[in-house]
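Contents: one structure, followed by commentary.
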2 protein chains.
Amino acid sequence: MKAKIDALNWKILKSLQENARESFANIGRKVGLTAPAVGERVKKMEDIGIISGYKAVVSHSHTGYQLKAIITLRAFMGKLKPFLEAVHSFEEVVNCYRITGNENIIMMVVLKDQFHLEKFIDKLIQYGETRTHIVLSDVVSNAPIRKSDS
Amino acid sequence: MKAKIDALNWKILKSLQENARESFANIGRKVGLTAPAVGERVKKMEDIGIISGYKAVVSHSHTGYQLKAIITLRAFMGKLKPFLEAVHSFEEVVNCYRITGNENIIMMVVLKDQFHLEKFIDKLIQYGETRTHIVLSDVVSNAPIRKSDS
DNA sequence: CATGAAACTCGCTTTCA
DNA sequence: TGAAAGCGAGTTTCATG
């Protein structure tokens, strides 16, 4: 689980979180290593699981999903498991977490418009009680993990 | 805002969302294009804003943040703006949204342990009333944007 | 298509335990 | 002395005009 990450690896992680397509040669120039050395360190971090992948960030608004919402769900008796299985097939759901508290599920969803939202909520109603919050603006979006100043 | 994305571009987006470091040549083989053709399409999607970046996904648990929480904030009078400025400097905050409803802010935070959580909540108390939900498990994590079946 | 750059492999060297 | 890490050269693959 725990892994010692030295200062050089933190610099590499910073760079890859800012631009995952940056070349190892360029990263090497910034951190003071040769390209193969960077490649080796990156591969090791992938193997250990520190780096779990590389994703292109696709704009929701540019792909037709203008509306974002946070929806909490308080699942009915016996309906939590069916929901957990079904949620993977809901294309609207970007993030979904099981949480403690009165509601057991919280999810971030993207939608085309208010009609789409209405239809989506209707789809959820069989699983439990929902509460919906419209997202007015993104303040912080997937901030990079930085070196913990412990 | 809205941009026509054809089937080929959706395939390219799918590939880049699965692995942002995949070479254009490889993507080309999968979708039936040459490398330069893929490069051109990708560049255009970057210019338009459909692709807004490429990020390495770094594991929270492997970097010392074992605890995840969702915290809502109901800001005190006059404290919302100061919070919105300060939140960018909070390394614990991965996502933060302004939302409608009784609470005006919701954020996803990563923490080292329960003591870290306690300290973080103390830091928030000056801005408003908080409500904390511990994340028990990730059900869906940054799901890729797929073609809307409209 | 052609050229320059980048990624991978390998063998050599240094360091530190 | 053995393991780990970086470097440099050579080859293959890739990006871009």
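So that the names make sense, note that chain A is the first sequence line, chain B the second, and so on, each numbered from 1. All figures in this text were calculated on a predicted structure; none of them were measured in a lab.
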In this structure, CD of Glu91(A) is separated from OH of Tyr65(A) (nearest 0.5 Å) by 3.5 Å
Kindly indicate, with the supporting measurements, whether the criterion salt bridge (Lys or Arg N to Asp or Glu O under 4.0 Å) is fulfilled by Glu40(A) and Lys44(A).
-> CA-CA 6 Å; Glu40(A) 220 172 292; Lys44(A) 197 162 290 178; 5.2 Å; no
Please round to the nearest 0.5 Å and tell me the distance separating atom CD1 of Ile48(A) and atom NZ of Lys43(A).
-> 10.5 Å
To the nearest 0.5 Å, how far apart are CZ in Arg131(A) and CD1 in Ile106(A)?
-> 10.5 Å
Interatomic spacing from CD in Glu22(B) to CD1 in Ile27(B) - rounded to 0.5 Å | 5.5 Å
Where do N or O atoms of nucleotides 11-17 of chain C meet protein N or O atoms at under 3.5 Å, pair by pair?
none

Mind checking whether His133(B) and Thr72(A) have side chains closer than 4.5 Å, heavy atoms only?
-> no
State whether the side chain of Lys55(A) and the backbone N or O of Asn142(B) hold a donor-acceptor pair below 3.5 Å, judged by distance alone.
-> yes
Of all pairs that satisfy side chain to side chain donor-acceptor pair (under 3.5 Å), the ones with a partner from residues 75-85 of chain B, not counting sequence neighbours | none
Nt span of DNA chain D in reach of chain B heavy atoms at under 4.0 Å, 5' end first, is dC14(D) to dT16(D)
Would Lys123(A) count as a cation-pi partner of Phe90(A), with NZ or CZ less than 6.0 Å from the six-membered ring centre and within 45° of the ring normal?
-> yes
From OG (Ser137(A)) to CD1 (Ile99(B)), nearest 0.5 Å = 10.5 Å
Indicate, with a heavy-atom threshold strictly under 4.0 Å, whether Lys44(A) touches base, sugar-phosphate, or nothing.
-> sugar-phosphate
Residues touching DNA chain C, which here means a heavy atom under 4.0 Å, drawn from residues 7-15 of chain A | none
Would you mind listing the cluster partners of Phe76(A)? Hydrophobic ones only (ILVMFWY), side-chain contacts under 4.5 Å, chaining allowed.
-> none
Pairs under 3.5 angstrom, nitrogen or oxygen only, protein versus nucleotides 4-8 of chain C, please.
from   : atom 1 : to       : atom 2 : distance (Å)
dA6(C) : OP2    : Arg29(A) : NH2    : 3.4
dA7(C) : OP1    : Phe24(A) : N      : 2.8
dA7(C) : OP2    : Phe24(A) : N      : 3.3
dA7(C) : OP2    : Ala25(A) : N      : 3.1

Side-chain donor or acceptor of Ser89(B) paired with backbone N/O of Ala86(B) under 3.5 Å | yes
